[in-house]
Asks: 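Let me give you the structure first, and then I'll get to my questions.
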Amino acid sequence: MSKRVEKIKVFLIDDHPIVRSGIKTEFKKHRNIELTGEASNGKEALKLIDPDSTDVILMDISMPEMSGIELTEKLIKRNKNVKILALSMHDNRNYILEMIRLGARGYVIKDSDPEVLISAIETVNAGLPYYSSEINELMIKQHINSIRKSKKKFIKDPLSEREIEVLVLIADGCSNSEIAKKLMLSKRTIETHRENIIHKLEIKTIAGLTKYAINHNLISIK
């Protein structure tokens, strides 16, 4: 007996019949994808989409009657847990950021390989975000440009790597002798590191040093 395949129910929205036809043909190649409905524009989609029988909504952005951006906003207001995957020719940063802001779970460029689309649907259905490589590259470039334009200076950690090691052990409740043994250093060296840590952070108590270590993700609360 063949194992039953859990199908991902997809509702498709695109105003180009030839695009919908191509996508449906691709879906037929994959046993785990099931097309539950389709629409040619946002207004039509609002009437036809059944949230209970839809896992992922695959939609174009530029459509007559109602754009994908406007439709996304309405669908998210109706059900904040709806999983929307944008499929568009646009790789414009503003389109991408607006779809992400509104709650879309992913964004794929239409000229991507068909397997990319299937992977995106599977990923979004699993509750994870998916952005095609073109989108990732664009966002990375935008992020790099924003960093270069920023006037903020890099803030170096006040502690050295060795001082961080000592701080972590202090926060873990170790004495100077225990720390010296663990790090294979002299007790005097550990005392010097401890003094430097207190001086740099201006924190004199173990409780304060422990709080600093937690706040800077050097240790976790068990």
Side-chain angles (χ1 to χ4, degrees), residues 4-143:
R4 183 174 176 272
V5 177
E6 193 68 31
K7 292 183 179 293
I8 302 172
K9 299 173 182 177
V10 180
F11 192 98
L12 173 62
I13 313 166
D14 195 293
D15 60 314
H16 296 97
I18 193 169
V19 172
R20 295 202 307 275
S21 178
I23 291 174
K24 287 188 287 185
T25 298
E26 189 61 34
F27 283 176
K28 290 177 182 177
K29 300 176 185 177
H30 299 268
R31 294 175 59 206
N32 65 327
I33 304 290
E34 178 185 354
L35 183 69
T36 58
E38 60 182 294
S40 60
N41 59 65
K43 284 188 176 180
E44 183 182 8
L46 279 176
K47 297 176 182 178
L48 298 176
I49 291 175
D50 178 7
D52 294 329
S53 63
T54 304
D55 295 316
V56 176
I57 299 173
L58 178 63
M59 71 164 74
D60 188 12
I61 292 181
S62 298
M63 296 184 291
E65 302 290 335
M66 182 186 296
S67 72
I69 290 175
E70 187 179 354
L71 176 59
T72 296
E73 186 172 20
K74 291 181 180 296
L75 289 172
I76 294 294
K77 283 183 179 179
R78 180 189 291 182
N79 180 2
K80 65 179 181 180
N81 295 317
V82 67
K83 297 172 182 175
I84 296 173
L85 175 61
L87 178 66
S88 177
M89 288 302 298
H90 296 289
D91 60 359
N92 182 285
R93 176 176 180 269
N94 293 329
Y95 280 104
I96 299 165
L97 291 180
E98 185 63 7
M99 289 297 287
I100 294 173
R101 185 187 72 80
L102 291 173
R105 305 291 183 91
Y107 200 111
V108 178
I109 300 300
K110 278 187 176 180
D111 60 3
S112 298
D113 188 272
E115 288 302 319
V116 170
L117 176 59
I118 299 302
S119 178
I121 291 172
E122 293 171 341
T123 302
V124 168
N125 180 63
L128 301 172
Y130 188 100
Y131 302 101
S132 57
S133 58
E134 298 91 342
I135 302 301
N136 281 328
E137 289 173 10
L138 175 66
M139 298 306 289
I140 289 171
K141 288 178 182 177
Q142 292 287 346
H143 185 60

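Index from 1, following the sequence.
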Asks: Hey, could you give me the CE/CG distance between Met66 and Asp15, rounded to the nearest 0.5 Å?
Replies: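 It is 13.5 Å, given to the nearest 0.5 Å.
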
Asks: Rounded to the nearest 0.5 Å, how far apart are CG of Asp50 and OG1 of Thr36?
Replies: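 Rounded to the nearest 0.5 Å, the CG-OG1 separation comes out at 8.0 Å.
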
Asks: Working to the nearest 0.5 Å, report the span between CG of Asp111 and OG of Ser88.
Replies: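 It comes to 10.5 Å.
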
Asks: Test salt bridge (charged side-chain N to carboxylate O under 4.0 Å, His left out) on Asp60 and Lys110 and set out the steps.
Replies: CA-CA 9 Å; Asp60 188 12; Lys110 278 187 176 180; 3.3 Å; yes

Asks: Could you report the tightest heavy-atom contact between Leu71 and Ile13, atom names first, then the distance?
Replies: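 For Leu71 versus Ile13, the nearest heavy atoms are CD2-CD1, 3.6 Å.
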
Asks: Using distance alone, with no hydrogens and no angle criterion, decide if Asn32 and Glu122 have a side-chain donor and acceptor under 3.5 Å apart.
Replies: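 There is such a pair (donor and acceptor under 3.5 Å, judged by atom type) between the side chains of Asn32 and Glu122.
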
Asks: Which pair of non-hydrogen atoms, one from Arg105 and one from Asn81, has the smallest distance, and what is that distance?
Replies: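 Of all heavy-atom pairs spanning Arg105 and Asn81, the closest is NH2-O, 3.3 Å.
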
Asks: What's the separation between atom CZ in Arg20 and atom CZ in Phe27, rounded to the nearest 0.5 Å?
Replies: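 It comes to 12.5 Å.
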
Asks: Quick check: closest heavy atoms across Ala39 and Leu48, and the distance to 0.1 Å?
Replies: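 So the minimum-distance heavy-atom pair works out to CB-CD1, 4.4 Å.
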
Asks: Quick check for you: to the nearest 0.5 Å, what is the distance between Arg101 atom CZ and Ile69 atom CD1?
Replies: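 One gets 9.5 Å once the value is rounded to the nearest 0.5 Å.
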
Asks: Mind checking side-chain hydrogen bond (donor to acceptor under 3.5 Å, both in side chains) for Glu65 and listing every partner two or more places apart, or none if nothing turns up?
Replies: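 In terms of side-chain hydrogen bond (donor to acceptor under 3.5 Å, both in side chains), with neighbours along the sequence ignored, Glu65 is linked to no residue.
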
Asks: State the CD1-CG distance between Ile109 and Leu117, to the nearest 0.5 angstrom.
Replies: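 Here the interatomic distance stands at 12.0 Å.
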
Asks: At their closest point, which heavy atom of Ala120 faces which heavy atom of Val108, and how far apart are they?
Replies: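 Looks like CB-CG2, 3.6 Å.
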
Asks: State which residues pass salt bridge (charged side-chain N to carboxylate O under 4.0 Å, His left out) with Lys29; sequence neighbours excluded, sorted by chain then number.
Replies: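 Partners of Lys29 under the salt bridge (charged side-chain N to carboxylate O under 4.0 Å, His left out) test: Glu26.
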
Asks: Apply salt bridge (charged side-chain N to carboxylate O under 4.0 Å, His left out) to Lys74 and list each qualifying residue two or more places apart in sequence or on a separate chain.
Replies: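 Lys74 satisfies salt bridge (charged side-chain N to carboxylate O under 4.0 Å, His left out) with no residue once adjacent residues are dropped.
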
